[in-house]
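Just so we're clear, the structure is a prediction, and the values are computed from it rather than from any experiment. Ligands are counted one by one from 1 in listed order, and the atoms in each one are counted from 1 as well. Reckoned from all heavy atoms, side chains included, excluding hydrogens, waters and symmetry mates.
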Amino acid sequence: MKLLTKTLFLCLVICLTNGAPAHHEHAAVEDGGTDAALPDRCAGIEFDAITPDEKGTTFFFKDGYVWKGFGGAAHLSNESFKELDDIHNIGHVDAAFRMHNTEHPDEHDHVFFFLDDKVFSYFGHNLEDGYPKEIQEAFPGVPTHLDAAVECPKGECTADSVLFFKGHDVHVYDIATKTVKIKTWSHLPVCTSALRWLEHYYCFHGHNFTKFNSVSGEVNGTYPKDARSYFMSCPGFGHGGRYTVPKCSETKIDAITTDDAGKTYFFAGHIYMRLDTHRDGLHAFPITRSWKEVTTGVDAVFSYDDKIYLIKDDQVYIYKAAGQYTLIEGYPKTLKEELGIEGHVDAAFVCPSEHTVHIIQGQKMHDVDLTATPRVVTQDHSLTLDGVDAGQCGPEGINLFKGPQFYHYESAKALAESTVTPAPQPITAAMMGCRD
Ligand SMILES: *[C@@H]1O[C@H](CO)[C@@H](O)[C@H](O)[C@H]1NC(C)=O
Ligand SMILES: *[C@@H]1O[C@H](CO)[C@@H](O)[C@H](O)[C@H]1NC(C)=O
Ligand SMILES: *[C@@H]1O[C@H](CO)[C@@H](O)[C@H](O)[C@H]1NC(C)=O
């Protein structure tokens with residue numbers, strides 16, 4: 001077997017799609033060969049099971065093999081989940097899901113595998129004591145020889161649940177009450193695997209997938225779609241350009257903000273990344289996917305009163321956040337008209353429960369009262385720091401980003417009054433999804 005231990009080159013392939021995952025994390029082997037004995041998922045594979053692990057990496061299973069993430073080659077599944085084959089040696093998994101059970105932290109984020117009538121529970125890729133168990137013992141009422149399984153947290157299902165698929169029947173297992181309700185979704189293809197990804201639900205069948213509503217099973221839009229164009233990086237499939245995840249030491253962001261729903265975004269060039277969805281991994285999308293009118297990147301972004309303000313050159317775009325972002329009528333407007341300032345904006349942020357936006361331009365910080373009409377600068381401050389790229393204010397204080405480093409301040413007041421620049425700290429992979 002040819003060794004595939006070459007340097008991994010990570011990039012994201014971005015595809016513009018409607019509602020389906022729009023990119024692929026792609027680990028290309030720089031100069032490795034392929035091994036004829038390993039299956040190739042770009043050939044069109046029907047997966048046995050798909051599940052994320054506790055870190056948000058998605059695993060795709062077929063027979064005794066597994067693919068880790070949206071890119072890269074297959075390896076033996078017993079290399080990632082040692083006991084899966086040892087005990088049974090049946091060479092495949094029927095179904096797998098990651099548990100959503102915040103009431104029981106000892107089970108939350110554990111990954112469960114179903115093989116015939118047995119269930120295996122893993123955490124940190126280690127089999128837990130007492131497993132494998134009979135399915136009946138761990139999940140009373142759930143049938144053996146399953147086709148697929150997927151987590152369904154409260155909010156997306158009526159209670160924290162697991163959807164178990166067998167034929168056209170869906171056994172909805174309520175985690176707290178350990179009870180099962182059976183629904184029949186004859187309009188859906190028989191799912192051989194199922195995945196929850198970025199709050200959406202996907203049934204995989206053949207090399208295709210169908211997106212469905214987690215409560216009603218309803219299918220909206222044009223399905224099936226080819227999984228190779230959306231969930232993996234395959235030559236000749238997918239659309240669009242590439243985004244290369246930078247090294248942390250080479251990171252440079254344009255803007256960062258957390259909206260009122262707790263969604264954190266950073267912006268760099270033509271892409272943005274959600275940082276609060278780490279349960280599903282970090283993913284990059286084109287800015288135009290969520291903010292269609294903002295086509296040339298951003299200089300600064302801030303959130304206030306269920307709206308997100310994107311600033312580019314002398315234009316301000318204000319979007320209402322209600323599930324999707326909608327540009328408010330009459331926008332973009334000029335900076336002067338909207339915020340009473342002129343010139344290039346480096347960074348802008350609003351602290352939680354405040355009504356002032358702090359706008360950084362070079363070594364100046366302007367405070368603008370967001371409750372006043374028209375909006376006017378109420379105060380100007382001089383900063384010791386110059387060349388700031390982005391700024392963010394949260395319960396822990398303010399971070400100003402400059403290249404691959406950030407500077408921390410206790411509060412806007414502390415920043416305004418500071419006479420010395422605090423020691424810079426490096427941006428880490430955990431903060432921004434960059435490479436160490
Ligand atoms: C994994 O499975 C293969 C093929 O079934 C077997 O040859 C190998 O010894 C197994 N490896 C481990 C670590 O169990
Ligand atoms: C996949 O979906 C396409 C339609 O998008 C359909 O023509 C094709 O038969 C499907 N293939 C499989 C294997 O399900
Ligand atoms: C399906 O689409 C229709 C029309 O766009 C919409 O009204 C409905 O809420 C959608 N249903 C689901 C489950 O997404």
Side-chain angles (χ1 to χ4, degrees), residues 12-26 34 36-52 58-74 77 90-97 114 143 145-150 152 163-171 183-214 216-241 280 283 285-286 289:
L12 297 179
V13 179
I14 301 169
C15 331
L16 281 165
T17 64
N18 47 348
H23 85 292
H24 318 284
E25 197 171 326
H26 170 58
T34 46
L38 293 175
D40 173 11
R41 60 178 160 179
C42 292
I45 277 180
E46 178 166 83
F47 297 105
D48 295 331
I50 305 175
T51 183
T58 308
F59 287 81
F60 297 78
F61 292 86
K62 175 66 177 178
D63 299 330
Y65 296 95
V66 66
W67 288 262
K68 188 176 168 181
F70 296 107
S77 45
I90 53 173
H92 80 282
V93 292
D94 292 331
F97 77 96
F114 297 80
H145 300 88
L146 289 161
D147 288 327
V150 64
C152 190
L163 308 181
F164 289 103
F165 292 81
K166 184 164 179 167
H168 285 291
D169 287 344
V170 181
H171 302 255
K183 297 178 180 178
T184 303
W185 290 344
S186 311
H187 63 282
L188 262 193
V190 171
C191 313
T192 63
S193 54
L195 176 68
R196 171 181 180 271
W197 199 74
L198 297 178
E199 295 148 31
H200 294 294
Y201 290 78
Y202 302 94
C203 157
F204 288 75
H205 46 96
H207 55 72
N208 288 337
F209 70 93
T210 296
K211 184 173 148 191
F212 64 93
N213 180 283
S214 51
S216 63
E218 188 185 350
V219 175
N220 248 357
T222 316
Y223 291 97
K225 291 189 164 117
D226 196 312
R228 291 171 291 184
S229 297
Y230 299 87
F231 287 94
M232 54 208 74
S233 177
C234 294
F237 291 89
H239 341 245
D280 296 337
H283 302 281
F285 301 100
R289 181 178 185 259

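In this structure, the salt bridge (Lys or Arg N to Asp or Glu O under 4.0 Å) partners of E199, at least two apart in sequence or on a different chain, are R274. Every residue meeting the side-chain contact (heavy atoms from CB on, under 4.5 Å) condition with T210, not counting sequence neighbours, appears here in chain and number order: L188, P189, H205, V219, Y223, P224. For the side-chain contact (heavy atoms from CB on, under 4.5 Å) test, residues two or more places apart in sequence or in another chain that qualify with D226 are H207, N208, R228, S229, F237.
Here the two rings, on F114 and F164, have centers that are under 6.0 Å apart. Aromatic pair F70/Y230: ring centres not closer than 6.0 Å.
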What are the distances between nitrogen or oxygen atoms of ligand 2 and protein nitrogen or oxygen atoms, counting only those under 3.5 Å?
{"residue": "ligand 2", "atom": "2 (O)", "partner": "N208", "partner atom": "OD1", "Å": "3.4"}
{"residue": "ligand 2", "atom": "2 (O)", "partner": "N208", "partner atom": "ND2", "Å": "2.3"}
{"residue": "ligand 2", "atom": "5 (O)", "partner": "P224", "partner atom": "O", "Å": "3.0"}
{"residue": "ligand 2", "atom": "11 (N)", "partner": "N208", "partner atom": "ND2", "Å": "2.9"}
{"residue": "ligand 2", "atom": "14 (O)", "partner": "N208", "partner atom": "ND2", "Å": "3.1"}

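Between W185 and H187, the angle of the ring planes lies from 30° to 60°, which puts this pair in the tilted group.
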